[in-house]
Amino acid sequence: MKKPLIGISAVTAFNDRLHAQRVTYPQAVWAAGGEAILLPCNPDKSNVPQLVSMLDGLLVPGGADVTPELYGEEKMDVCGSTFRFEDEYDMELIKEAVKQGKPILAICRGMQIMNVLYGGTLYQDIPTQYETTQNHSMFEDGAENLHTVNLEEDSHLARILGAYKDVKVNTSHHQAVKDLAEGFRLTGRAPDGIPEAMENRDGSIICMQWHPERMQDMEMYRNLFIDFVNRCNK
Ligand SMILES: [Mn+2]
């Protein structure tokens, strides 16, 4: 049987000489019965429709900060490195996947770029712009680097995970959704109020601020990828 092909967009590194992504994304897709293909950021976006037509689904993964000019703000000193052509490539992939009716799973920066694409804004740096005692930007995974998220009970994400209260998540982000984009529902927040999940009405776009692909020891996060790959299989 043909396996659903999931496109995963790359991040650039080494002054744009390397386009790559963490192996945990394809690993989670493979484990869920899908096939994965990495999409290098082509500055020429004219071929994106053909590229997306070859995919069954799109995974928009983690990466660099989103260019603040794209949501109408000047870049603050506390904002990290940004790569505008990478942002624009991701946005083009998303727009085309939506147009062609392909399911999208957006993780971390993926949720942020989704929000910006559809008119939302971001906190450029949580510690600077948001009153909280929670450290959201713990890079290493581990039992101590978790917080909880409360999901909307009737959200697609809660249904897929089979849980909504005090859901365990890892946390390696210093930016987050500020004003929510139109057409989306905020479906999860950390205890300090930071937005951690959003989705569109029919659930064809599921976004989360944490990294479920790095928590595949938990059944609910394996189920998340199985659900995504299955929805791409049509
Ligand atoms: Mn967090």
Side-chain angles (χ1 to χ4, degrees), residues 11 21-22 24-25 28 59-68 71 73 76 78-82 87 90 104-118 120-153 155-158 160-181 184-200 205-225 228:
V11 292
Q21 195 43 267
R22 281 176 181 247
T24 42
Y25 296 104
L59 196 165
V60 192
D65 287 356
V66 177
T67 307
Y71 48 92
E73 290 189 9
M76 299 166 65
V78 287
C79 185
S81 300
T82 53
D87 298 334
D90 272 341
I104 304 176
L105 185 63
I107 292 172
C108 195
R109 160 193 158 83
M111 168 165 162
Q112 297 165 5
I113 196 89
M114 183 74 66
N115 192 52
V116 169
L117 169 60
Y118 290 105
T121 64
L122 303 178
Y123 294 108
Q124 292 191 37
D125 181 63
I126 295 170
T128 310
Q129 297 181 288
Y130 194 89
E131 183 85 36
T132 182
T133 54
Q134 173 69 51
N135 177 9
H136 283 273
S137 59
M138 295 183 278
F139 191 71
E140 294 301 325
D141 289 340
E144 67 284 5
N145 293 342
L146 300 170
H147 62 68
T148 58
V149 164
N150 285 311
L151 299 175
E152 296 294 326
E153 192 178 353
S155 62
H156 292 282
L157 184 56
I160 294 163
L161 297 179
Y164 67 96
K165 223 175 172 314
D166 299 331
V167 174
K168 249 199 250 179
V169 306
N170 54 13
T171 188
S172 61
H173 58 111
H174 84 112
Q175 300 201 319
V177 165
K178 189 165 65 180
D179 301 307
L180 186 69
F184 285 85
R185 176 186 180 197
L186 196 66
T187 51
R189 287 183 190 272
D192 63 4
I194 283 289
E196 294 267 351
M198 64 187 231
E199 61 192 31
N200 67 345
I205 304 176
I206 303 274
C207 312
M208 67 216 67
Q209 186 54 70
W210 66 96
H211 286 275
E213 82 285 359
R214 279 155 43 186
M215 301 177 82
Q216 289 290 295
D217 56 322
M218 289 175 69
E219 189 184 12
M220 70 164 89
Y221 293 133
R222 293 196 295 274
N223 288 342
L224 173 71
F225 277 87
F228 176 55

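Whatever order the structure lists ligands and atoms in, that order sets their numbers, starting from 1. This is a predicted model, so every value here is computed, not measured.
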query: How many degrees, to 10°, between His173 NE2 and Glu196 OE2 as seen from the Mn ion (ligand 1)?
result: 100°

message: Only to 10 degrees, please: what angle do the OG1 atom of Thr171 and the NE2 atom of His147 make about the Mn ion (ligand 1)?
response: 90°

- request: Find the distance between CD1 (Ile107) and CD (Glu213) and round it off to the nearest 0.5 Å.
  value: 4.5 Å

task: Check whether more than 12 heavy atoms from other residues, nucleotides or ligands sit under 6.0 Å from atom NZ of Lys168, and answer yes or no.
output: no

field: Within 6.0 angstrom of Gln129 CD, more than 12 heavy atoms from elsewhere
entry: yes

- prompt: Which word best sums up how the rings of His147 and His136 line up, parallel for under 30°, tilted for 30 to 60°, or perpendicular for over 60°?
  reply: perpendicular

- prompt: Restricting to N, O or S atoms of His136, which is nearest to the Mn ion (ligand 1)?
  reply: ND1

